[in-house]
Protein chains: 2
Amino acid sequence: MGSAEGIPVTGGFLEQLELAERREDLQSVAEALRDRFKVDHLVYHWVSANGEQYGCGTYDPVWVERYLEKGYLRIDPVIQGCFQRFHPVDWKRLDWSSKAARAFQWDAIAHGVGNQGYSIPIRGPNGQFALFTVNHSCDDEAWAEFTALTRRDMILIAHYFNQKALELEPGRRPEPAQPLSPREIEAMTLLAVGYSRAQVAETLSISEHTLRVYIESARFKLGAMNTTHAVARALSRGLIVV
Amino acid sequence: MGSAEGIPVTGGFLEQLELAERREDLQSVAEALRDRFKVDHLVYHWVSANGEQYGCGTYDPVWVERYLEKGYLRIDPVIQGCFQRFHPVDWKRLDWSSKAARAFQWDAIAHGVGNQGYSIPIRGPNGQFALFTVNHSCDDEAWAEFTALTRRDMILIAHYFNQKALELEPGRRPEPAQPLSPREIEAMTLLAVGYSRAQVAETLSISEHTLRVYIESARFKLGAMNTTHAVARALSRGLIVV
DNA sequence: TTCCAACTCCCCAGAAATGGTGAGGCGCCG
DNA sequence: CGGCGCCTCACCATTTCTGGGGAGTTGGAA
């Protein structure tokens, strides 16, 4: 297993990433980086529960298929853990205690995923969330050394991967992220913290009818089917904060 | 104006950042970096819609005060522009066309802010959003050269600044999240993407009565008053992903 | 083995949310 | 000036959610 000797990958790979013009380019850069760092896998994974997945990397396609099919997205401790953090995290520091998580881990290793891993959460506009992961099979000590040396490289690589993915994926960005009006934001925020419509109306000192107009308006702007959906979207797009 | 000669700041500053234990440390690291890079200003700014501001950097306190007081947060094109992007952006590429933006720019320069700037958006869990900015007074060519050389340093520095800010700000508590059962997670997730109770029940192939038990159970575990609240909590605690 | 958490099913009645339609005032921008 | 978005208010009928009961199976943990 190699390393960048503490010196970030200035020459070559990041430039390749920056110049990538197609999805396939990202894929081949991932493979090149895997070989360069001498690890088992290197994966960029755009996380979204609504079915639209996108990723590129060196995992066995069988595993990727299985992951999606089995709904591992919902129980993968890497997802769970990274979603709540800002900084990169070593897989050992995640919570693997639940039954589902253990079964998942077993299955993953059986499909060629390394026992060691390091994942970097990445967030973009509109609540976009992605993961950049590097993993390998080795003992704890070797892995600790590897991550210590390549940590910063990984952050930069993750950054550029996401940047390119955002550029190359046209499907994601359009969604003009229609902003909510101040009143709508207030309404959504109060709903998100558990107030009923009546309580929200009282808090905002407006009639419940007026409040309804806001909620409907927000629902429309967010393309939501009901209030719960609207609040969920507003939250995950970062339009409101609880 | 200096530069890192294309080699990221491996020795010294990032370590200082990682070792910082108090807010004041971040402040002094910012000053040291400003001197090292020979720019006018270097600022980390935590942007939050609910009024709570936090920042550290080398701006004149008078300017910071004025910025807050005048509500520039709402019209600052840097905020507007970065909020919708993922990658770092040169101030020249922002939209300064509105009257308010021009007035703001004029005021900023009058308070010692450089005419050139480079800002990096940073996002964390729960919709956290921050900016890392470096700015200077010089001509376009010199600035282009500077940004080309230090771009990657800036990304890493921004990353570590935010990491430290998240650690040092007690505002975000761990919030011991009682885990949801697999069925509860499925139910919450489907509700979060807009399904009605009836639809969720059908999707999960269970009776609506059973579904209700899950929702109530999840609501109880999450300490939520209603379904919308429960979904919002599950989302912001990272228990479900949409 | 005993116990508990998770999963499944059922009834009823009251509370809350939603859909459709309509209307007036205010402020900003071209 | 006219249009557009925002804020405010109202009624009606229908659908959906919530809170109060109770009950049986399973599989893993103590």
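Naming: A, B, ... by sequence-line order, numbering from 1 per chain.
- Ion pairing between A:Glu167 and A:Lys164 holds under the 4.0 Å rule for side-chain N and carboxylate O.
- Checked against D:dC9, D:dC7, C:dC9, the side chain of A:Ile206 finds its nearest nucleotide in D:dC9.
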Per-pair distances, 0.1 Å, donor-acceptor, side chain in residues 209-217 of chain A, under 3.5 Å, sequence neighbours excluded:
unit_1   : atom_1 : unit_2   : atom_2 : d
A:Thr210 : OG1    : A:Ser207 : OG     : 3.0
A:Ser217 : OG     : A:Glu184 : OE2    : 2.4

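- B:Tyr118 is linked by a ring-ring contact (aromatic ring centres under 6.0 Å, His included) to nothing, counting only residues two or more places apart in sequence or in another chain.
- A donor-acceptor pair shorter than 3.5 Å cannot be found between the side chains of B:Thr133 and B:Asn135.
- Classification of A:Glu186 and A:Arg183 as a salt-bridged pair holds, one side-chain N sitting under 4.0 Å from a carboxylate O.
- Within the 6.0 Å centre-distance limit, the rings of A:His159 and B:Phe86 are counted as a close aromatic pair.
- The terminal axes of the helix from C:dT1-D:dA30 to C:dG30-D:dC1, fitted over 5 pairs per end, subtend an angle of 60° to the nearest 10°.
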Notebook entry, point to check: What string of B, S and - do you get for nucleotides 11-29 of chain C, 5' to 3', when a contact is any protein heavy atom under 4.0 Å?
Noted result: -B----BBBB---------
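- Here B:Asn226 pairs with nothing under the side chain to side chain donor-acceptor pair (under 3.5 Å) rule; sequence neighbours left out.
- The phosphate of D:dC6 has neither OP1 nor OP2 within less than 4.0 Å of any side-chain N or O from A:Tyr214.
- A:Thr210 comes within 4.0 angstrom of a nucleotide base, judged by non-hydrogen atoms across all strands.
- Evaluation of the ring-ring contact (aromatic ring centres under 6.0 Å, His included) rule for B:His229 yields no partner, not counting sequence neighbours.
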